[in-house]
S.K.: 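Sharing a structure below in structure tokens format, with a few things to ask.
Throughout, a chain's letter reflects where its sequence line sits, starting with A, and its residues are numbered from 1.
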Amino acid sequence: DAGVIQSPRHEVTEMGQEVTLRCKPISGHDYLFWYRQTMMRGLELLIYFNNNVPIDDSGMPEDRFSAKMPNASFSTLKIQPSEPRDSAVYFCASSHGGRYGYTFGSGTRLTVV
Amino acid sequence: AQKITQTQPGMFVQEKEAVTLDCTYDTSDQSYGLFWYKQPSSGEMIFLIYQGSYDEQNATEGRYSLNFQKARKSANLVISASQLGDSAMYFCAMRVERHAGGTSYGKLTFGQGTILTVHP
């Protein structure tokens, strides 16, 4: 089991550019979550999916953020246009519920300059 | 809405001693789960331990145990025999659980974290 795979690990982009973060969940997990971590706000849930369907996107900051899950093995988080305040570590996590919590990916460190 | 409070921004402990990291939570739901995660300086999030609100015994996983006091709404993590590798950020989290088809689901809400430093 390769765990939750996120790419890229690091992304540096200029303000105004489009950024796409990618996530491959663990096979068999039917929940997928996108979190953002910053020093000021800690870990925030942005959106989560169940069986590829978005369940709660109330944490998505604004219309510049969008997330998709076209199939059970892939999800993207897109920011367009990016702004310096979007700089953070973005985590993807997957779960099949139960007592074992969520398995997190290694995160994508995004820097918008 | 659920809220997790970790009141200790930083904690220090001597190697081989035990340490308790505090966590209190607030929810009106009766069915919920409490989790602890470790985040070392490398950044990954590592699941440590889980406690269900209806579990009759406190959870234990190796050197980790969870001191669950439901009436006080606290779920403190106890690390016994601290090791240098335990130095990390520790997060308490809660999930309100709604059961469907035998599994429980819901989003994790995290506290602000406690930085633990283990001294040799």
Side-chain angles (χ1 to χ4, degrees), chain A residues 1-6 8-11 23 25-26 28-51 53-60 67 88-111, chain B residues 1-6 9 23 31-55 57 59-61 64 66 68 75 77 88-115:
Chain A
D1 188 348
V4 177
I5 300 172
Q6 290 187 247
R9 287 297 306 274
H10 303 274
E11 177 80 32
C23 175
I26 291 175
H29 282 189
D30 49 2
Y31 289 89
L32 184 139
F33 304 82
W34 283 100
Y35 281 85
R36 178 172 69 175
Q37 185 177 30
T38 61
M39 287 292 292
M40 292 299 295
R41 301 174 68 92
L43 276 157
E44 304 173 275
L45 176 68
L46 300 177
I47 185 171
Y48 80 94
F49 296 83
N50 176 221
N51 291 323
V53 177
I55 302 300
D56 184 349
D57 65 354
S58 60
M60 296 286 263
V89 178
Y90 290 81
F91 285 102
C92 175
S94 70
S95 171
H96 57 66
R99 307 179 64 85
Y100 300 101
Y102 304 173
T103 302
F104 281 76
S106 299
T108 294
R109 183 173 295 275
L110 174 65
T111 303
Chain B
Q2 297 79 44
K3 185 177 180 181
I4 296 286
T5 302
Q6 294 180 253
C23 173
S31 181
Y32 51 87
L34 297 155
F35 300 78
W36 278 91
Y37 280 83
K38 172 184 178 181
Q39 187 177 40
S41 57
S42 52
E44 70 265 36
M45 295 286 288
I46 302 167
F47 166 69
L48 296 178
I49 195 167
Y50 167 88
Q51 178 84 44
S53 59
Y54 291 114
D55 290 347
Q57 293 188 336
T60 61
E61 290 287 345
Y64 304 108
L66 201 152
F68 181 46
L77 178 70
M89 175 79 90
Y90 288 81
F91 291 97
C92 181
M94 180 173 68
R95 176 182 69 194
V96 172
E97 300 189 329
R98 308 204 187 339
H99 295 264
T103 63
S104 54
Y105 62 96
K107 60 186 181 184
L108 273 178
T109 301
F110 285 86
Q112 288 300 307
T114 296
I115 299 175

S.K.: Hey, what's the ring geometry for Y37(B) with F104(A), parallel, tilted or perpendicular (30° and 60° as the breaks)?
M.R.: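 Y37(B) and F104(A): perpendicular rings.
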
S.K.: Distance from K107(B) atom NZ to S58(A) atom OG, nearest 0.5 Å?
M.R.: 4.5 Å

S.K.: Using heavy-atom distances under 4.5 Å, tell me whether R41(A) contacts chain B through its side chain, its backbone, both, or neither.
M.R.: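 Looking at R41(A), just its backbone touches chain B.
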
S.K.: Measure distances from D56(A) to the heavy atoms of chain B and classify the residue's part below 4.5 Å as side chain, backbone, both or neither.
M.R.: side chain

S.K.: Can you say whether Q39(B) sits under 4.5 Å from chain A via the side chain, the backbone, both, or neither, judging by heavy atoms?
M.R.: side chain

S.K.: When you compare the side chain of L108(B) with that of Y102(A), does any pair of heavy atoms fall below 4.5 Å?
M.R.: yes

S.K.: Rounded to the nearest 0.5 Å, how far does CD of Q112(B) lie from CG of L43(A)?
M.R.: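 One finds 8.5 Å between CG of L43(A) and CD of Q112(B).
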
S.K.: Please lay out, stage by stage, how Q37(A) and F110(B) fare under the test side chain to side chain contact (heavy atoms under 4.5 Å, CB included).
M.R.: CA-CA 11 Å; Q37(A) 185 177 30; F110(B) 285 86; over 6 Å; no

